[in-house]
Amino acid sequence: GAVVSQHPSRVICKSGTSVKIECRSLDFQATTMFWYRQFPKQSLMLMATSNEGSKATYEQGVEKDKFLINHASLTLSTLTVTSAHPEDSSFYICSARRIGTNTEAFFGQGTRLTVV
Amino acid sequence: GESVGLHLPTLSVQEGDNSIINCAYSNSASDYFIWYKQESGKGPQFIIDIRSNMDKRQGQRVTVLLNKTVKHLSLQIAATQPGDSAVYFCAEKLTGTASKLTFGTGTRLQVTL
């Protein structure tokens with residue numbers, strides 16, 4: 001199977017600090033990873049598409065300077081929430097697309113971010 | 001600030017009965033569809049997918065039906081079990097967008113004993 005691991009699963013940080021979330025494809029290579037945000041009882045909203053070796057593509061309304069994405073290798077993408085505020089508290093989920101395919105994406109287990 | 005949470009539609013099904021979860025998708029240019037299951041506090045888990053050149057696909061205890069005429073997708077779960085309780089999302093991929101998925105609003109499935 002295809003396993004995607006996110007770390008940390010939960011994080012609590014103080015307002016104004018930055019938090020980094022990692023997304024790793026454990027048993028496959030992924031040229032493309034996706035970052036989603038999910039509020040309680042709502043669906044997943046795509047934030048950005050992360051491509052290995054190039055700049056991420058952000059969805060409309062997502063601040064690229066606020067949510068920094070780095071995709072330095074074929075198995076790792078990171079999302080850094082900079083200068084976090086309470087309104088950034090949410091469930092962040094990544095997914096990865098196996099290299100050579102253009103369909104099914106595999107999801108990580110999510111990261112619950114709480115900014116206090 | 002954080003958006004006001006929406007009330008997810010809920011389907012209650014008795015254990016052992018069949019479940020049918022429906023989804024209306026938005027774009028006639030979508031060529032690939034996936035059903036995901038999401039348990040509380042976890043990421044979505046792939047259930048079954050279907051391409052737009054098909055109208056039915058079966059897996060283990062699950063069947064997906066696609067009606068492109070009315071842009072409707074359904075997930076049928078046979079002999080529903082308590083472990084099937086979760087939120088189910090359909091997702092669509094537009095042709096040529098390389099796995100960029102758009103998710104539906106989700107349906108909560110509650111299995112009663």
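First the proteins, then the strands, lettered A, B, ... as listed; each starts at 1.
Contact annotation for Q6(A): neither backbone nor side-chain heavy atoms come within less than 4.5 Å of a heavy atom of chain B. With a threshold of 4.5 angstrom between heavy atoms, Q38(B) approaches chain A through side-chain atoms but not through N, CA, C or O. Looking at I93(A), the atoms closer than 4.5 Å to chain B (heavy atoms on both sides) all sit in the side chain, from C-beta outward.
S43(A) places no side-chain N or O within 3.5 Å of a backbone atom of G106(B) that could act as its donor or acceptor partner.
Going from atom CG of L101(B) over to atom CG of L46(A) covers 8.5 Å, rounded to the nearest 0.5 Å. Atoms CZ and CD, from F89(B) and Q38(A) in turn, are 5.0 Å apart once rounded to the nearest 0.5 Å.
V62(B) and F33(B) fall within a single hydrophobic cluster, where Ile, Leu, Val, Met, Phe, Trp and Tyr are joined by side-chain heavy atoms under 4.5 Å apart, directly or via other members. Both F91(A) and F34(A) are members of a single hydrophobic cluster when ILVMFWY side chains are connected at heavy-atom separations under 4.5 Å. I48(B) and L66(B) fall within the same hydrophobic cluster, where Ile, Leu, Val, Met, Phe, Trp and Tyr residues are linked whenever their side-chain heavy atoms come under 4.5 Å apart, directly or through other members.
Every side-chain hydrogen bond (donor to acceptor under 3.5 Å, both in side chains) that E59(A) has, sequence neighbours left out, goes to K100(B).
Legend: side-chain hydrogen bond (donor to acceptor under 3.5 Å, both in side chains) pairs involving residues 81-91 of chain B, not counting sequence neighbours, sorted by first then second residue: R61(B)-D84(B).
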